[in-house]
Amino acid sequence: LANRKRGSVLPKVYEALEMMLRKKPEKPGFAVLMKGFLFFFSSRRRHTKYGDIIRIAPNELSFASVQAFKDLYGPPSKTRQLFPKSHYFYDTGIQSIVYEMDPQEHEKQHRLFAPSFRASAVRSQEHVVQEHVDLMISQFRNQGRSGQTGLDLTAWMEWLAFDIIGELTFGESFGAIRSGKAHDWVSLLHGAVYGASVALPDKRIAIIGPILRWAPALSKSAAESLKATQQHGALTLEKTLSRIKMGQRDGVEDFLEPAIVELGEGRMIEEQLAQQAYVFLTAGAETSATAMAAAVWFLTQPENAHCLEQLQREVRTTFATYDDMTGDAVSRLPYLHAVLEETMRIMPPAPLGPPRVSPGETVDGVYVPKGVYVSADVWTICHDPRNVVDPDKFEPERWLEGGKKPYSQPFIIGPRSCIGVNLAWLEMKLAMAKTVYSFDFQLVQETLGKNWLKECQLLLLWKKPKLMVKLVPV
């Protein structure tokens with residue numbers, strides 16, 4: 001774009017971009033066009049080489065500064081306009097609080113579901129979290145007595161998160177923790193999400209559409225992904241209909257109850273409710289599971305042995321008994337909080353900033369014309385030496401009192417921030433505290449020498465390798 005002559009016949013937005021970026025290095029260009037497939041390390045290198053603003057498509061910019069993050073995702077004001085969601089990513093046909101692009105409609109959905117995530121609702125949900133965490137701890141002990149040399153904590157943390165969110169969404173757990181294996185709904189999820197990630201370039205490159213329509217006939221993996229997507233959708237609708245039949249639940253405010261009222265009054269249809277359920281599950285479970293597995297990975301590295309020891313000391317000296325670990329009690333553990341904050345800084349559950357569209361507004365002091373697609377590179381911001389010293393080092397102490405804390409917002413900010421943040425913290429802190437209280441961690445041989453973090457793949461959600469850990473009861 002920057003190499004085109006000014007006399008060319010270009011859309012006005014291209015000319016504005018050319019003027020704006022003239023002071024910037026020439027081009028990373030189309031190399032990051034399909035950013036959903038690219039490894040985040042390469043994005044970080046590009047920003048390091050070319051600066052805080054790079055072009056990732058002819059009409060799309062990536063920003064890598066803290067101020068840009070605040071500008072793009074923060075709330076609108078009298079002096080600043082809202083950056084609406086990009087149709088490239090969100091125009092999927094899914095009618096849900098996450099994918100809704102219209103700000104007014106999103107606000108209406110937020111008002112509908114927010115009561116299920118407020119502090120009082122989370123307190124009513126705590127017994128669900130406690131029961132599943134306690135069952136997981138019991139299963140860990142049983143596995144140890146049976147001579148199991150190692151457990152895949154990537155899988156167990158995923159099963160825990162989906163069992164909890166499954167019960168709070170559909171009114172019943174998936175039963176993965178109890179059975180020791182993934183439920184079909186969760187097994188199909190990764191195939192369905194992979195299919196969705198493959199389809200993303202369709203809106204960016206016209207020729208991709210016809211190719212994708214033929215892909216299932218030409219590719220076994222594409223056919224399997226399409227089948228998984230269809231099966232997953234059918235199973236989600238089936239479980240949603242089952243939840244509707246349950247009616248109002250006693251003793252717990254679950255996620256779908258407010259919407260079931262809307263359904264009864266004719267303001268929502270069953271398919272819309274199923275789509276809301278799908279989003280609550282994927283956004284609410286997978287992100288927490290990733291953070292907990294990553295925390296275990298960091299804590300079990302030899303160079304971080306002192307971090308594990310300090311966390312063990314904090315948890316085991318604070319609580320006289322296992323049953324003393326309530327949600328309120330574990331929320332007051334500063335080092336546990338620091339461990340999770342540092343984990344989500346180094347490995348953000350959502351490392352690619354949500355794409356937005358400029359309304360004709362400044363981003364980090366630079367005017368971006370209306371209609372230009374923009375996003376913040378969360379991974380690069382969290383690993384920027386300007387924001388955090390030695391950014392690749394796991395150092396929970398950064399988050400304790402005193403000193404400047406790194407800038408990390410794993411739950412985003414502003415009007416589209418994560419609605420389930422309170423529940424996420426409760427789940428992660430209870431699971432980590434009770435596991436650390438009950439067991440010592442040891443990586444087993446097949447995990448030693450491997451870089452678990454670098455083997456993770458981003459396909460909208462993190463696809464994580466096994467994390468084999470021996471849990472020794474204390």
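Here the structure is a predicted model, which means the values were calculated and not measured.
- Between Glu158 and Lys464 there is a salt bridge, since at least one side-chain N of the basic residue sits less than 4.0 Å from a carboxylate O of the acidic one.
- A search for salt bridge (Lys or Arg N to Asp or Glu O under 4.0 Å) contacts involving Glu172 returns Lys239, not counting sequence neighbours.
- The line from CG of Leu153 to NZ of Lys470 is 14.0 Å long, rounded to the nearest 0.5 Å.
- Salt-bridge formation is not detected for the pair Arg123/Glu126: no Lys NZ or Arg NE/NH1/NH2 atom is positioned less than 4.0 Å from an Asp or Glu carboxylate oxygen.
- The CZ atom of Phe140 sits 10.0 Å away from atom CG of Leu135, with the distance rounded to the nearest 0.5 Å.
- Between Glu342 and Trp399, the side chains place a donor N or O and an acceptor N or O closer than 3.5 Å (distance only, hydrogens not considered).
- Side-chain atoms of Val421 and Phe117, non-hydrogen and from C-beta on, never get closer than 4.5 Å to each other.
- No side-chain donor-acceptor contact under 3.5 Å links Asn304 to the backbone of Cys307.
- Interatomic distance, CG of Leu168 versus CG of Leu256, reported as 10.0 Å (0.5 Å rounding).
- At least one side-chain heavy atom of Trp156 sits less than 4.5 Å from a side-chain heavy atom of Gln143.
- Ala433 and Leu333 make their closest contact through CB-CD1, 4.5 Å (heavy atoms, listed as atom of the first residue, atom of the second, distance).
- Taking the six-membered ring where the residue is Trp, Trp185 and Phe174 present parallel rings, their angle staying beneath 30° rather than reaching 60°.
- The closest side-chain heavy-atom distance from Ile412 to Phe69 is below 4.5 Å.
- By the 4.5 Å heavy-atom criterion applied to side chains, Arg356 and Pro84 are not counted as neighbours.
- In summary, Asp134 and Lys434 engage in a salt bridge, as defined by a charged side-chain N under 4.0 Å from a carboxylate O.
- A side-chain donor-acceptor contact under 3.5 Å links Arg345 to the backbone of Pro391.
- Distance alone, capped at 3.5 Å, is enough to place a donor-acceptor pair between the Gln139 side chain and the Ile177 backbone.
- Here the closest non-hydrogen pair linking Leu458 and Leu352 is CD2-CD1, 3.6 Å.
- Judged by distance alone, the side chain of Gln312 and the main-chain N or O of Tyr437 form no donor-acceptor pair under 3.5 Å.
- When the side chain to side chain donor-acceptor pair (under 3.5 Å) test is applied to Asp254, the partners found at least two apart in sequence or on another chain are Arg243, Arg249.
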From CA spacing to verdict: salt bridge (Lys or Arg N to Asp or Glu O under 4.0 Å), Arg44, Asp392: CA-CA 12 Å; Arg44 178 183 176 187; Asp392 296 322; 3.0 Å; yes
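- In terms of heavy atoms, Asp324 sits closest to Ala320 at OD2-N, 3.4 Å.
- In this model, a donor atom of one side chain and an acceptor atom of the other lie less than 3.5 Å apart for Thr154 and Trp452.
- Counting non-hydrogen atoms of neighbouring residues, nucleotides and ligands closer than 6.0 angstrom, the NZ atom of Lys466 reaches no more than 12 such neighbours.
- Remark: the backbone N or O of His106 is not paired with any side-chain donor or acceptor of His110 at under 3.5 angstrom.
- A donor and an acceptor atom, one from each side chain of Tyr407 and Asp384, are nowhere located under 3.5 Å apart.
- With values rounded to the nearest 0.5 angstrom, Asp102 atom CG is found 15.0 Å from Tyr90 atom OH.
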Derivation of the side chain to side chain contact (heavy atoms under 4.5 Å, CB included) call for Phe255 and Ile165: CA-CA 9 Å; Phe255 304 156; Ile165 303 299; 3.9 Å; yes
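- A heavy-atom distance below 4.5 Å is not found between the side chains of Phe162 and Thr169.
- Between the side chain of Tyr73 and the main chain of Ala376, a donor-acceptor pair closer than 3.5 Å is present.
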Walk me through it: do Phe63 and Ile381 pass the test side chain to side chain contact (heavy atoms under 4.5 Å, CB included)? CA-CA 9 Å; Phe63 290 82; Ile381 292 171; over 6 Å; no
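- In summary, Lys450 and Glu455 do not engage in a salt bridge, as defined by a charged side-chain N under 4.0 Å from a carboxylate O.
- Contact check for Pro355 versus Val374: no side-chain heavy atoms found under the 4.5 Å cut-off.
- A cation-pi arrangement is absent between Arg313 and Tyr335 under the rule of less than 6.0 angstrom and at most 45 degrees off the ring axis.
- Between the side chain of Asp152 and the main chain of Leu467, a donor-acceptor pair closer than 3.5 Å is present.
- Side chain of Ser288 to main chain of Ala285: no donor-acceptor pair is present (N/O by atom type, distance under 3.5 Å, no hydrogens or angles).
- To the nearest 0.5 angstrom, Arg178 atom CZ is 8.0 Å from Ser173 atom OG.
- How far CD of Gln272 is from CD of Gln276: 8.0 Å, rounded to the nearest 0.5 Å.
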Could you please spell out the steps behind the salt bridge (Lys or Arg N to Asp or Glu O under 4.0 Å) verdict for Asp440 and Arg316? CA-CA 11 Å; Asp440 287 333; Arg316 295 171 184 176; 2.9 Å; yes
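- When all heavy atoms are compared, the tightest approach of Glu270 to Thr240 is O-CG2, 4.4 Å.
- Considering only residues two or more places apart in sequence or on other chains, His337 meets the side chain to side chain contact (heavy atoms under 4.5 Å, CB included) condition with Glu341, Trp425, Lys429.
- The two residues Ala274 and Thr236 make their nearest non-hydrogen contact at O-CG2, 3.4 Å.
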The test is side chain to side chain contact (heavy atoms under 4.5 Å, CB included); show your working for Phe439 and Ile137 and say whether it passes. CA-CA 9 Å; Phe439 303 98; Ile137 298 299; 3.9 Å; yes
Apply side chain to side chain contact (heavy atoms under 4.5 Å, CB included) to the pair Lys70 and Val66, showing each step before the final yes or no. CA-CA 6 Å; Lys70 295 177 180 179; Val66 170; 3.7 Å; yes
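- Ring geometry, Tyr99 versus Phe89: the interplanar angle falls under 30°, so the pair is classed parallel (tilted spans 30 to 60°).
- Looking at Cys456 and Met347, their side chains come closer than 4.5 Å, going by heavy atoms from C-beta outward.
- No donor-acceptor pair closer than 3.5 Å links the side chain of Glu167 to the backbone N or O of Ile164.
- With contacts defined as side-chain heavy-atom distances shorter than 4.5 Å, the pair Pro348/Gln409 does not qualify.
- Residues Gly327 and Leu426 share a closest heavy-atom pair of CA-CD1, 3.5 Å.
- Here the side chain of Glu395 pairs no donor or acceptor atom with the backbone of Glu397 at under 3.5 angstrom.
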Taking it one step at a time, do Tyr373 and Tyr88 satisfy ring pair (Phe, Tyr, Trp, His ring centres under 6.0 Å)? CA-CA 9 Å; Tyr373 298 98; Tyr88 277 159; 4.4 Å; yes
